[in-house]
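For reference, the structure is listed below as C-alpha cells.
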Amino acid sequence: MSADLFVTDCGLVTPLGRGKAAVARALFAGSEAGFAVRGDLLPGRAVEVGAVREPLAALPDELSAYDSRNNRLMQAALAEIAPAIEEATARYGRDRIAVVLGTSTSGIGDGEEAFFAYRRDGRWPQRFDYRMQETGSLADFAARSLGLTGPAYTVATACSSSAKVFASARRLIRAGLADAAVVGGADTLCRMTLNGFGSLEALSKSRCNPFSLNRDGITIGEGAAAFLLQPIPGPIRFLGVGETSDAHHATAPDPEGEGAAMAIRLALEDAGLAASEIGYVNLHGTATPLNDAMEAKAIAGLFGGSVPCSSTKAMTGHMLGAAGGCEAAFLWLTLNPDTNPESLLPPHLWDGARDPALPALNLSAMGTRFSRAGVTAMLSNSFGFGGSNLALILGRA
C-alpha cells in the first residue's frame, strides 16, 4: 500500500452554497450573498452572520436521536461524497474506514430551543434527545449513517477542530487501525457561541474586515465539509501537517505568532517543501486585532511579503469548528482544475485600508490567477482558543 494519502473527494455546504460547483463559483467570484442579519441570537442586538440558507433534510427515522441542525449540515456534506465512500467500503471493508470529524458547537442550538420549550411548557419537546447536543454526536451519527464500523470519534479543539482531523486520521492509517478515513467537520449558529464572543467584545459591529486598519472583530458563520482520505491516487494529495499547542492564553493568541509559525514550519518539514514552494496561503484571518497581527508576523517571517494569501472569512464568516475543514475544501477547489479551470485564487475582501503596524502581506485581489505549471502546493492555517494551532498543506496530484 502506498504511503501517500490523497483527498479523493470533497463535499461541502457553506454560506457560499451547497456542493463543490456552487461553492467554487461563489468563492472565486468573491460572493457576499451568504450573510444575513439575525435579531434572535443576541439580546437586544441584531448581528450579521454567515448562514446556510439551503433547506436541510431531516435525518432518517432510525437516526432521529441525532437529528440536530449540526448533523443535518454534516449529512448534506456527506451526501456529496457518498458514492466515493461506497466504493471505498467495497475496497477496504466497512470496518477499515475511520470517521474523524471536528466540531465545537455540535447540536447546542437544538438544545437551546429545547430548553426554551421546557421553561415555557414544563416538559422537554418530544423530538429532543440529549444525544443531539453531545460533542461526540457528530462522528457517531456519521458512522451510523454511513454504516462504517471502524474507529470513529470527534475532535473538539475550538477553531482548529476540523483541520486537526487530517492529522488524527493519518495517524490511524499509519498505525494500521484503518485503511482510509472520512474526515471533515460541521458547526452551527447558536446563541451560546454568539453571546460568548459578544462577552469577549470580539464580534464585529458590521461584517469582518480581515487585516484592515479598521478591523473590529469576527463575524460568525456555519457550515460543513467532508472528505475521503485514502492511499489511492486522486486529484489532490495530502502533503503535510503541523500541529502546535502554545497555550499562551485561554482565548488570546501569542502576540508574536510563535506557535502559529512553528505549526507552519512543521507542516513544511512534513511535506518536504520549502516556503518558496507554497503558491497560496488561506489565512485564518478572523479580523480580530490580535489574531491578524500575530498571523501577519508569522506569515511575513516565513514567506516574506510575496506569497499570495487571503482570508475567506469575509465571504463565509468564521465557521468555528467547521472553519478548518471548509477552508481545506477551498484549497481543494482551488487546486483542482475541474472546479477551478481558470486557476483563480480566492479573493481577499476588505476595505483596502492597510494597517501600518502589520507586516505587508500579498493579499490576493479579485481575479488573481496562479500558474498551474508553477504552483503545486497550498497552505491553510487554523488557530483555536488555548493555542491549538494547525497548518495543513494540500497539493495537486
Side-chain angles (χ1 to χ4, degrees), residues 11-27 29-59 67-80 102-113 116 132-133 138 159 161-162 184-198 202-210 217-226 285-287 311-327 329-330 333 346 349:
L12 70 165
V13 53
T14 76
L16 290 173
R18 178 172 176 171
K20 292 187 283 288
V23 172
R25 284 194 299 271
L27 177 69
S31 174
E32 299 174 80
F35 290 100
V37 177
R38 293 273 297 270
D40 60 331
L41 296 169
L42 287 171
R45 176 183 171 186
V47 63
E48 196 163 12
V49 293
V52 172
R53 304 187 188 212
E54 289 79 3
L56 299 169
L59 303 191
D67 196 12
S68 65
R69 177 171 176 80
N70 205 56
N71 289 339
R72 289 185 183 191
L73 280 170
M74 195 74 243
Q75 177 179 246
L78 289 169
E80 191 171 10
T103 191
S104 67
T105 63
S106 188
I108 288 293
D110 293 81
E112 292 169 348
E113 296 300 330
F116 292 149
M132 292 178 181
Q133 66 179 42
L138 188 65
C159 304
S161 300
S162 59
D187 243 354
T188 312
L189 293 168
C190 66
R191 294 173 179 85
M192 182 189 74
T193 301
L194 269 293
N195 282 273
F197 279 101
L203 292 176
S204 175
K205 295 180 178 61
S206 53
R207 189 179 303 171
C208 67
N209 193 5
I218 67 175
T219 298
I220 302 296
E222 64 179 358
T286 61
S311 170
T312 49
K313 289 180 174 64
M315 290 184 272
T316 65
H318 188 348
M319 295 175 281
L320 303 177
C326 290
E327 290 167 17
F330 296 163
L333 297 174
L349 305 186

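Heavy atoms only: backbone and side chains are in, while hydrogens, waters and symmetry mates are out.
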- Would you sort out whether Thr193 and Glu222 count as a side-chain contact (heavy atoms from CB on, under 4.5 Å), showing the intermediate values? CA-CA 11 Å; Thr193 301; Glu222 64 179 358; over 6 Å; no

- All salt bridge (charged side-chain N to carboxylate O under 4.0 Å, His left out) counterparts of Arg38, not counting sequence neighbours: Asp40

- Task: Name all residues meeting the salt bridge (charged side-chain N to carboxylate O under 4.0 Å, His left out) criterion together with Arg191; count only those two or more places apart in sequence or in a different chain, and write none if there are none.
- Result: Glu112, Glu113

- Query: Would a distance-only check, ignoring hydrogens and angles, find a side-chain to backbone donor-acceptor pair under 3.5 Å from Gln75 to Ala57?
  - Reply: yes

- What are the two closest non-hydrogen atoms of Leu189 and Gly50, and how far apart are they? CD1-O, 3.9 Å

- State which residues pass side-chain contact (heavy atoms from CB on, under 4.5 Å) with Ser161; sequence neighbours excluded, sorted by chain then number. Thr157

- Message: Tell me whether Asp110 contacts the main-chain N or O of Gln133 through its side chain, where contact means a donor paired with an acceptor under 3.5 Å.
- Response: no

- Query: CG/Leu194 to CG/Leu42 distance, rounded to the nearest 0.5 angstrom?
  - Reply: 5.0 Å

- Between Cys190 and Thr188, is a side-chain contact (heavy atoms from CB on, under 4.5 Å) present by the stated rule, with each step listed? CA-CA 6 Å; Cys190 66; Thr188 312; 5.9 Å; no

- Task: Without swapping roles, check the side chain of Ser162 against the backbone of Gly325 for a donor-acceptor pair under 3.5 Å.
- Result: yes

- Message: Can a donor-acceptor pair be found, under 3.5 Å and without considering hydrogens, that links the side chain of Glu327 to the backbone of Thr312?
- Response: no

- Heavy atoms, side chains only, cut-off 4.5 Å: are Val37 and Val47 in contact? no

- Message: I'd like to know if the side chain of Thr103 reaches the main chain of Ser106, judged simply by a donor and an acceptor atom lying under 3.5 Å from each other, with no hydrogens or angles considered.
- Response: yes

- Could you pull out the closest heavy-atom pair between Ala186 and Met74, with the gap in Å? CB-SD, 4.0 Å

- Please assess Lys313 against Thr219 for the test side-chain contact (heavy atoms from CB on, under 4.5 Å), listing each intermediate value before the final yes or no. CA-CA 8 Å; Lys313 289 180 174 64; Thr219 298; over 6 Å; no

Side chains of residues 314-324: which donor-acceptor partners sit under 3.5 Å, not counting sequence neighbours?
{"residue": "His318", "atom": "ND1", "partner": "Leu320", "partner atom": "N", "Å": "3.0"}

- Query: Do the side chain of Ser311 and the main chain of Gly285 share a donor and acceptor less than 3.5 angstrom apart?
  - Reply: yes

- Task: Check Ser68 against Gly107 and note the closest heavy-atom contact, atom names and distance.
- Result: CB-CA, 4.0 Å

- Task: Could you tell me which non-hydrogen atom of Leu12 sits nearest to which non-hydrogen atom of Thr14, and how far apart they are?
- Result: CD1-CG2, 3.9 Å

- Query: Who are the salt bridge (charged side-chain N to carboxylate O under 4.0 Å, His left out) partners of Arg72, not counting sequence neighbours?
  - Reply: Asp67

- In chain order, what residues pass the ring-ring contact (aromatic ring centres under 6.0 Å, His included) check against Phe35, with sequence neighbours excluded? none

- Query: What do the steps show when you test Ile218 against Leu203 for side-chain contact (heavy atoms from CB on, under 4.5 Å), and what is the final call?
  - Reply: CA-CA 5 Å; Ile218 67 175; Leu203 292 176; 4.1 Å; yes

- Query: Can you name the closest pair of heavy atoms from Leu73 and Asp187 and give their distance?
  - Reply: CD1-O, 3.6 Å

- Message: Tell me the closest heavy-atom pair linking Val13 and Val52, and the distance in Å.
- Response: CG2-CG1, 3.6 Å

- Got a second to check how far Arg45's CZ is from Asn195's CG, nearest 0.5 Å? 10.0 Å

